Number of protein chains: 4
Amino acid sequence: MAKNKKNKIIATSTKLFAVQGFDNTTTLQIAKESGVTEPLLYYHFKGKEEIFTDIINRIFTEYTNLIAALPLDTANEFEKVSNLFKLHIAIAENRPHDGRLIMANCPSKLKNDRHICQEIIYKQQEMVTSYLKDCLNKGNASGEFDAHPVDDLVIVILCLINGILRKKLLGKKESSSYEFTAIEFCRRALVPSK
Amino acid sequence: MAKNKKNKIIATSTKLFAVQGFDNTTTLQIAKESGVTEPLLYYHFKGKEEIFTDIINRIFTEYTNLIAALPLDTANEFEKVSNLFKLHIAIAENRPHDGRLIMANCPSKLKNDRHICQEIIYKQQEMVTSYLKDCLNKGNASGEFDAHPVDDLVIVILCLINGILRKKLLGKKESSSYEFTAIEFCRRALVPSK
Amino acid sequence: MAKNKKNKIIATSTKLFAVQGFDNTTTLQIAKESGVTEPLLYYHFKGKEEIFTDIINRIFTEYTNLIAALPLDTANEFEKVSNLFKLHIAIAENRPHDGRLIMANCPSKLKNDRHICQEIIYKQQEMVTSYLKDCLNKGNASGEFDAHPVDDLVIVILCLINGILRKKLLGKKESSSYEFTAIEFCRRALVPSK
Amino acid sequence: MAKNKKNKIIATSTKLFAVQGFDNTTTLQIAKESGVTEPLLYYHFKGKEEIFTDIINRIFTEYTNLIAALPLDTANEFEKVSNLFKLHIAIAENRPHDGRLIMANCPSKLKNDRHICQEIIYKQQEMVTSYLKDCLNKGNASGEFDAHPVDDLVIVILCLINGILRKKLLGKKESSSYEFTAIEFCRRALVPSK
DNA sequence: TATGAATGAGAATTCATTCAT
DNA sequence: AATGAATGAATTCTCATTCAT
């Protein structure tokens, strides 16, 4: 019973923060949609901000785990790039609220003071960046890629993934084969044609 | 004198909305930073929302003009694609606040009721999409591109531009040669190597 | 074990009420500093108010006992006055929290309805007043004092004791020989010089 | 009209803080009894605490002025002591709310951080102490008093004034000739009989 | 005895907006 | 064109207290 309600609060808040943003979501709304009273929010969390921080922490932990679980023994390096795209596409489809919160920047209210939120986002970016960099370097070395300059290309590819993710999350639902076109787009840019 | 104050209000609001978001900006803050009193805001505008709508209108009018002014008589079609990238890079550098507001989605408060804000964003997307589609089609026809499927690729390229723009606007200022790497990335994906 | 916890609650509450006041002390604070949970407070007491009333009762019972235990067979009447001073000085030194609660008036919340708190304070004042009045009367009769008008002087002396007690309890700790100067001050005012 | 409402707020708050204490007075109560709405409190003051601080400031300024205005060219030194008593008696009778706030200590909530409230009380005590010390010293020098030790006696007299003031303010209204008995009490303790 | 979970009532404060001038 | 004063409606959060176990 107990865990139930706390989990309900987290689920509701995740949805509301994702859809409406932090500033535009009220504690009363969270409480009502969770089927509890406001003070219970304050029994389980220190305040609205802590609810948010908790959620962000959970999401990024899960996200980090997903990245870490990507297979390293692929047939070729591009498959790793492709997997990174697919991972984000899957997030958009299976956990759109989490996805929106990954996309969104920290609410500006929380931006100061090296807020945990900022730190987490930074670390996660480091992680993905290093994953991709390693992969491009290996591909270059083996002749699979002709990817120069590596550092810039990493940024470009991440920007593309980011753009696709946003499109899926915020745009209207479309037929959506473009995600796979994006992967091909990428392949053609990286892999030299014979 | 009068116009002066109204313009100051608009400039201040643009900055604040861009930096803090709509929800997190108060009318008092706008008034104080504009050097006027709150009731004056209501003399010039119907309310906070109208200030926002006015700004969005102005920004998208300017944006539309910029798109419309792109040269149509380029040496080849890819130059048009390249120009579209450069246009957005220039916005990020010269008018970052406007850029942020172009990027940001409507504050969720304003999302209902077919708010003007939504309409404007929709129209602008149509415009850029059609510009790019036309360009890809022509490139395909002339053999300059090998771009298929066109509709999806248009989306992909716009996602990339979008991603780059966000990076420039929201990320830390970096050495930033990646923007041009993005253009090359795109060229390699579109133009078949001989 | 049980008594232990109840006593801990009482001790903690006494300290907190004395230092912070009734209104500014929360039941959660009492519980935490007592090392128990809030519902236990309600197991042992009917509510916050009853904790307070219990404490006041205990303090005034002890106080009353102290007054009643003052020796009646002194060498002279002034010694009794002096003893009354010393008693209060001792309370301030040995049981400052109790002292503060004796000094403080009932929290205004509890002032209505002929709250027990008011009654107790009233009775205790009667007691001290009558002790002192008796003593002055006897001193006057024997020629030891030249104390007129007795009723007013009783009030004056009690005001002085009260003032001294407050000073000791609320002021910064000072060298504090003034308490004995106060007794001498009183002697000179009461006992005619030959 | 404007000043009117602000003054009403101040007057109401003074009364409520004096009668009920800071903690036990709500902003809603202040607003209602002032005939205004709560937000107006926040238009005129930064918050509940600032209302309190403002009042304390005003009261102590007035109090300080009264002390400073005491005549220095009296027939003898005891008249100065007597005047100090009378001044406080007058405050208790004419401005009981102010008197209560002078008596009361800072609400414990405001006790930290060298709150202005603490500073003010400290300064005012310095002032009265030095007034009285000077007066006792002069009286000793001229042979009018036989007051030793001066520093302690100053404290004792202030404690007596304090005690009398509290009695008048907090006790039930009594016939009250005891205030003048207090002055005589003091004279007999200070002035040696021939 | 003892507690984790829960709540009704209310507290201080903020905000977009309006009114009278 | 401009403002000082004022407010209705919310918002975040706290508190004493109770319930189920």
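Remember, it's a predicted structure, so these values are computed and weren't measured experimentally. Chain letters run A, B, ... following the sequence lines, proteins first and then strands; every chain starts at 1.
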Go nucleotide by nucleotide along DNA chain F from the 5' end; which of D:Thr37 and B:Thr37 gets its closest nucleotide reached first? B:Thr37

Side-chain donor-acceptor distances from residues 49-56 of chain D under 3.5 Å, at least two apart:
| residue | atom | partner | partner atom | Å |
| --- | --- | --- | --- | --- |
| D:Glu49 | OE2 | D:His115 | NE2 | 3.0 |
| D:Glu50 | OE1 | D:Lys46 | N | 3.0 |
| D:Thr53 | OG1 | D:Glu49 | O | 2.8 |

Atom [atom1] of [X] and atom [atom2] of [N]: how far apart are they, to the nearest Å?
| X | N | atom1 | atom2 | answer |
| --- | --- | --- | --- | --- |
| C:Ile9 | E:dT3 | CD1 | P | 9 Å |
| A:Gln29 | F:dA9 | CD | C1' | 16 Å |
| C:Lys32 | E:dG4 | NZ | P | 12 Å |
| B:Lys6 | F:dA2 | NZ | P | 12 Å |
| C:Asn4 | E:dT1 | CG | P | 11 Å |
| D:Leu41 | E:dA11 | CG | C1' | 13 Å |
| A:Phe45 | E:dA6 | CZ | C1' | 15 Å |
| B:Leu40 | F:dA2 | CG | C1' | 6 Å |

[X] vs [N]: side-chain N/O to OP1/OP2 distance below 4.0 Å:
| X | N | value |
| --- | --- | --- |
| D:His44 | F:dA6 | yes |
| C:Lys5 | E:dT1 | no |
| B:Tyr43 | F:dA1 | yes |

Would you kindly check if the NZ (Lys) or CZ (Arg) of A:Lys6 is within the cone defined by 45 degrees around the ring axis of A:Phe45 and under 6.0 Å from the six-membered ring centre? yes

For B:Thr14 and B:Arg58, what are the C-alpha separation, side-chain angles and deciding distance, and is it a side-chain contact (heavy atoms from CB on, under 4.5 Å)? CA-CA 11 Å; B:Thr14 304; B:Arg58 175 185 58 75; 3.6 Å; yes

Indicate whether any N or O donor in one side chain lies under 3.5 Å from an N or O acceptor in the other, for B:Thr25 and B:Gln20. yes

DNA chain F: stems of at least 3 consecutive Watson-Crick or G-U pairs, cut-off 3.5 Å? E:2-21 with F:2-21

Salt-bridge present (C:Lys8, C:Glu33; N to O < 4.0 Å): no

Does the protein touch nucleotides 14-21 of chain F at the base, only the backbone, or not at all? Give it as B, S and - per nucleotide, heavy atoms under 4.0 Å. BBBBBB--

Using atom types as modelled and distance alone, determine if a side-chain donor or acceptor of A:Lys123 lies under 3.5 Å from a backbone N or O of A:Phe60. no

Min side-chain heavy-atom separation B:His97-B:Arg100 under 4.5 Å: yes

Taking the side chain as every heavy atom from C-beta outward, state whether B:Phe17 and B:Lys48 have any atom pair closer than 4.5 Å. yes

Tell me, with the steps shown, if A:Glu38 and A:Thr27 meet side chain to side chain donor-acceptor pair (under 3.5 Å). CA-CA 7 Å; A:Glu38 270 189 290; A:Thr27 50; 2.6 Å; yes

